[in-house]
Amino acid sequence: MLITQLRNATILLEFEHAGRPVGLLVDPMLAARGTLPALRYLGVQRQRNPVVELPEASGDLLGRVTHALITHCQKGHFDHLDRAGKQFLRERQIPVICMPHDAAYLAQRGLAVQPLAGDGRQAFCLGGHITPMACRHGLGWVARFMEHGHGYLLELPGEPSVYLAGDTVLTPTVRDCLERLQPDVAVLPAGGARFDLGGEILMDAAEVAEAALLMRGEVVVNHLEALDHCPTTRAEVRALAQRGRWAHRLWVPEDGESRVYRVGPVTA
């Protein structure tokens with residue numbers, strides 16, 4: 001499986017199904033730099049989002065997309081599906097895989113929706129199985145205003161199992177997936193996102209470090225250095241991994257960077 005980091009939580013998973021190439025685009029935020037609203041309003045560092053452009057290779061990467069997978073998209077979560085992302089999916093009539101909760105919302109926007117059956121391990125239209133995993137997008141009072149969504153565990157024939165955590169803090173559900181199911185690859189958000197008020201709504205570097213110790217597989221970290229409310233840096237995550245002695249299992253990709261994962265050792 002070829003995994004490419006585009007920007008923030010937008011990644012592309014490439015593999016084969018029934019002898020044909022599949023490009024599974026996860027949570028497309030495709031807007032140009034600075035064309036989306038700020039998510040923090042206090043202080044002198046206020047910026048419009050996203051704070052960086054898509055990588056130069058994004059045109060070629062998007063040309064290989066055959067399907068999309070959405071973790072959450074309502075209540076203004078444009079950092080996982082923005083207007084440009086909807087336009088891209090709509091114009092190309094890309095099949096959009098989502099939870100039933102999001103199906104009507106996406107269909108009303110002209111997208112070619114393929115809803116999953118709901119919670120629980122189930123057959124996946126691209127082979128093997130998919131298991132939705134409930135997310136917790138923050139704790140305390142701020143969580144009442146969030147769209148919590150789902151992550152997904154993908155188990156595809158001949159490919160490493162991949163856990164896409166979605167936007168979540170380190171919950172018992174996430175812990176159980178990592179510790180009991182032991183995915184070969186876990187894609188975890190580490191931005192430490194927070195608004196001007198309230199606590200963190202996303203794992204930070206410390207929680208990712210804690211999560212990494214629950215599993216034996218490879219850790220891919222994203223949701224970094226693309227939004228104004230995500231203070232965690234790539235360097236912070238790498239430093240914690242070095243101190244915790246799990247850096248050999250960590251990939252903190254730059255935007256546009258790709259890596260091949262197989263059932264077995266990682267290949268850079």
Side-chain angles (χ1 to χ4, degrees), residues 5 7-11 26-27 29 39-40 49 69-81 98-99 101-102 119 131-154 162-183 185-215 217-241 243-244 246 249-253:
Q5 169 69 22
R7 182 181 58 188
N8 195 51
T10 306
I11 63 173
V26 182
D27 287 353
M29 178 183 69
L39 292 168
R40 299 195 72 166
N49 288 298
L69 179 65
I70 305 299
T71 64
H72 64 298
C73 58
Q74 300 187 53
K75 294 186 179 179
H77 284 248
F78 59 73
D79 58 322
H80 289 259
L81 181 63
C98 65
M99 292 298 287
H101 170 72
D102 292 320
D119 293 325
T131 306
M133 302 278 184
C135 293
R136 188 68 181 171
H137 204 350
L139 300 172
W141 65 267
V142 72
R144 299 179 183 179
F145 302 95
M146 305 302 294
E147 183 75 0
H148 295 287
H150 285 76
Y152 303 100
L153 176 66
L154 303 180
V162 178
Y163 171 50
L164 306 166
D167 271 10
T168 188
V169 293
L170 186 56
T171 66
T173 298
V174 175
R175 290 176 183 274
D176 179 68
C177 176
L178 298 174
E179 191 168 24
R180 181 175 59 85
L181 302 179
Q182 289 293 323
V185 182
V187 182
L188 307 178
R194 64 190 306 159
F195 301 116
D196 294 312
L197 299 173
E200 290 179 352
I201 58 173
L202 203 63
M203 289 190 216
D204 59 9
E207 279 202 315
V208 166
E210 189 177 347
L213 298 179
L214 299 172
M215 58 181 291
E218 306 287 335
V219 178
V220 180
V221 174
N222 66 2
H223 223 305
L224 297 168
E225 301 179 16
L227 298 173
D228 67 327
H229 72 323
C230 290
T232 305
T233 66
R234 290 177 168 92
E236 287 178 65
V237 180
R238 293 184 180 117
L240 273 182
R243 291 199 293 270
W246 52 277
R249 296 191 288 115
L250 173 68
W251 181 40
V252 187

- About how many Å separate NE2 of His101 and SG of Cys73, when rounded to the nearest 0.5 Å? 7.5 Å

- Item | Heavy-atom closest pair, residues Trp246 and Ala209 | CZ2-CA, 3.4 Å

- Task: Check whether the side chains of Thr71 and Asp27 place a donor and an acceptor atom closer than 3.5 Å, and report yes or no.
- Result: yes

- Are any non-hydrogen side-chain atoms of His150 and Asp119 less than 4.5 angstrom apart? yes

- Item | Qualifying residue for side chain to side chain contact (heavy atoms under 4.5 Å, CB included) with Leu178, from Thr173, Val219, Leu214 | Leu214

- Task: Compare every heavy atom of Gly149 with every heavy atom of His72, then report the nearest pair and how far apart it is.
- Result: CB-CA, 3.8 Å

- Message: Could you walk me through whether Asp79 and His223 satisfy the side chain to side chain contact (heavy atoms under 4.5 Å, CB included) test, starting with their C-alpha distance in whole Å, then the side-chain angles of each, then the deciding distance to 0.1 Å, before giving a yes or no?
- Response: CA-CA 9 Å; Asp79 58 322; His223 223 305; 3.5 Å; yes

- Task: Please round to the nearest 0.5 Å and tell me the distance separating atom CD of Glu207 and atom CG of Asp204.
- Result: 5.5 Å

- Item | Interatomic spacing from CG in Asp102 to CD1 in Ile70 - rounded to 0.5 Å | 8.0 Å

- Item | Least distance between heavy atoms, Val208 atom then Pro189 atom | CG2-O, 3.6 Å

- Is Val162 close to Pro183 at the side-chain level, that is, under 4.5 Å between some pair of heavy atoms? no

- Which pair of non-hydrogen atoms, one from Thr168 and one from Leu202, has the smallest distance, and what is that distance? N-CD1, 3.6 Å

- Residue pair Met29 / Asn49, side-chain heavy-atom distance below 4.5 Å: no

- Message: Quick check for you: to the nearest 0.5 Å, what is the distance between Asn222 atom CG and Trp251 atom CH2?
- Response: 9.5 Å

- Query: How long is the gap from CG on Asp176 to CE on Met133, to the nearest 0.5 Å?
  - Reply: 7.0 Å

- Message: If you compare all heavy atoms of Arg234 against all heavy atoms of Pro253, which two are closest, and at what distance to 0.1 Å?
- Response: NE-O, 2.9 Å

- Query: Would a 4.5 Å heavy-atom cut-off, applied to side chains only, mark Leu164 and Leu69 as touching?
  - Reply: yes

- Query: Looking only at heavy atoms, what is the nearest atom pair of Arg238 and Leu250, with distance?
  - Reply: CA-CD2, 4.1 Å

- Output the distance between atom CZ (Arg249) and atom CE (Met215), rounded to the nearest 0.5 Å. 6.5 Å

- Task: Go through the steps for Tyr163 and Val174 under the test side chain to side chain contact (heavy atoms under 4.5 Å, CB included), then give the verdict.
- Result: CA-CA 10 Å; Tyr163 171 50; Val174 175; 3.5 Å; yes

- Heavy-atom side-chain proximity of Arg175 to Glu210 below 4.5 angstrom: yes

